[in-house]
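Single-structure report; data block below.
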Amino acid sequence: MNLLKRIYSILLKEYGFQGWWPVTPVNYCSGSETAPIYGIATKNDKQRLEIIFGAVLTQNTQWKPNVERAIIELNRLNLIGINQILKVKHEILAQAIKSSGYFNQKAKKLKNVAEFLKKYPIKKLRKMDLWESRKLLLNINGIGPETADSILLYALDKQIFVIDAYTRRIFANLGVIKPEAAYDEVQKLFMDNLEHNHRIFKEYHALIVEHAKRHYSKKPYGKNDLLLKAFA
DNA sequence: AACCAGGACGTGA
DNA sequence: TCACGTCATGGT
């Protein structure tokens, strides 16, 4: 078994199933304050849209409590919808997502995404070729590589590996990659060495984030990393 | 009370 | 291409 696959097994055993991406359950009734929950297997298009919005809102921001509150608020105001987002005034939207930070930028980004989804609906994107849909997403102002790949993997169930700052930190610390390695290069490494299974891709990325939160958020990075001991 | 979080964009060199 | 400033809330 290769190194990346072994690391996945170690992290899964250590932290257990993460069940990303958290989504608001379907039987949510308006007015209550149901937080998005982990481990949801099947999603409808509204839930997929919520994931897409969440991917934007969580840019450089903690999910809990900042983004979680914003998602709850969007649901409360019945704004998880393409037309709703396009219709709502900027000030109202920015206010609704205030807790996620960068609310002015992110309000615009949500509108950009909604505008895009009118031309390329979720159903159409899901049928489209992976790299073609990725290119389209990257053309949206406000969607970079990580957000695009999060959308492709978690909202559209496509088989692509998400790279983030944590991934770089951990695997550079292990000597697997160079710290300055480009996004696409790191992504290729993972995708060349792992089975192309979206469930594994989802879970692996979530486990990386969990591991990084514990050992790679404050310096010195990777001080008590069990992975270092495992491969010393 | 600084520091950081599941980034991306605009700018100037 | 690439380094650098900017965007902003909430928890530690």
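Just so it is clear: chains get the letters A, B, ... in the order the sequence lines come, proteins before strands, and each one is counted from 1.
Annotation: ring-ring contact (aromatic ring centres under 6.0 Å, His included) contacts involving residues 39-61 of chain A, sequence neighbours excluded, are absent.
Evaluated for a side chain to side chain contact (heavy atoms under 4.5 Å, CB included) with A:His215, the options A:Leu228, A:Asn173, A:Asn224 yield exactly one hit, A:Asn224. Considering A:Ile200, A:Leu194, A:Leu3 in turn, A:Ile200 is the only one that fulfils the side chain to side chain contact (heavy atoms under 4.5 Å, CB included) rule with A:Tyr8. In summary, of the residues considered (A:Asn139, A:Ile143, A:Leu125), a side chain to side chain contact (heavy atoms under 4.5 Å, CB included) with A:Phe116 occurs for A:Leu125 alone.
Atom CZ of A:Arg199 has 12 or fewer neighbouring heavy atoms from other residues, nucleotides or ligands inside a 6.0 Å radius.
Nucleotide B:dG7 holds its P atom 14 Å from the CD1 atom of A:Ile151, rounded to whole Å. Look at CD on A:Gln59: it is 8 Å from P on B:dC9, rounded to the nearest Å. A:Asn60 places its CG atom 12 Å from the C1' atom of B:dC3, with the value rounded to the nearest Å.
Shown here for A:Asn83 and A:Lys118, the closest heavy-atom pair between the two residues is OD1-CD, 4.2 Å.
Along DNA chain C, the nucleotide closest to A:Lys64 and the one closest to A:Thr61 are compared, and the more 5′ of them pairs with A:Thr61. Comparing A:Gln62 and A:Gly144 by the nucleotide of DNA chain B whose heavy atom lies nearest to each, the residue mapping closer to the 5' end is A:Gln62.
Within residues 89-113 of chain A, the residues having any heavy atom under 4.0 Å from DNA chain C are, by residue number, A:Lys98, A:Ser99, A:Gly101, A:Tyr102, A:Phe103, A:Asn104, A:Gln105. Residues of residues 153-161 of chain A that place a heavy atom closer than 4.0 Å to DNA chain B do not occur. Contacts between residues 210-226 of chain A and DNA chain C, counted as heavy-atom distances below 4.0 Å, involve no residue at all.
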*Residue pair A:Thr24, A:Asn75: steps toward the side-chain hydrogen bond (donor to acceptor under 3.5 Å, both in side chains) verdict*: CA-CA 9 Å; A:Thr24 303; A:Asn75 273 297; 3.2 Å; yes
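In this model, a donor atom of one side chain and an acceptor atom of the other lie less than 3.5 Å apart for A:Asp149 and A:Gln187.
For A:Phe161 and A:Tyr204, the ring centers sit closer than 6.0 Å to each other. Between A:His196 and A:Phe201, the gap from one ring centroid to the other is short of 6.0 Å.
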Just the atom pairs and distances: protein N or O near nucleotides 10-13 of chain B's N or O, under 3.5 Å.
| residue | atom | partner | partner atom | Å |
| --- | --- | --- | --- | --- |
| B:dG10 | OP1 | A:Asn141 | ND2 | 3.1 |

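For the pair A:Lys202 and A:Asp157, the salt-bridge criterion is met [side-chain N within less than 4.0 Å of a carboxylate O]. Using a cut-off of 4.0 Å between Lys/Arg side-chain N and Asp/Glu carboxylate O, A:Glu73 and A:Arg76 are scored as salt-bridged.
No donor-acceptor pair closer than 3.5 Å links the side chain of A:Gln18 to the backbone N or O of A:Glu210. Of the possible donor and acceptor atoms, one in the side chain of A:Thr61 sits under 3.5 Å from a partner among the backbone N and O of A:Ser100.
Residue contacts for A:Ile140: at a heavy-atom cut-off of 4.0 Å it reaches the sugar-phosphate backbone alone, with no base atom in range. As judged by a 4.0 angstrom heavy-atom cut-off over every strand, A:Arg169 is placed among residues touching the sugar-phosphate backbone only. Residue-level contact check: A:Ile208 touches neither bases nor backbone, having no heavy atom under 4.0 Å from any strand.
Of all nucleotides in DNA chain C, those with any atom nearer than 4.0 Å to a heavy atom of chain A start and finish, going 5' to 3', at C:dC7 to C:dG11.
In terms of hydrophobic clustering, with Ile, Leu, Val, Met, Phe, Trp and Tyr side chains grouped at heavy-atom distances under 4.5 Å, A:Tyr102 and A:Val88 are assigned to different clusters.
Distances shorter than 4.0 Å separate some side-chain N or O of A:Thr147 from OP1 or OP2 on B:dA8.
For A:Arg169 and A:Tyr221, the positive end sits near the middle of the six-membered ring, less than 6.0 Å away and at most 45° from its axis.
C:dG5 and B:dC4 have their P atoms separated by 16 Å, with the value rounded to a whole Å.
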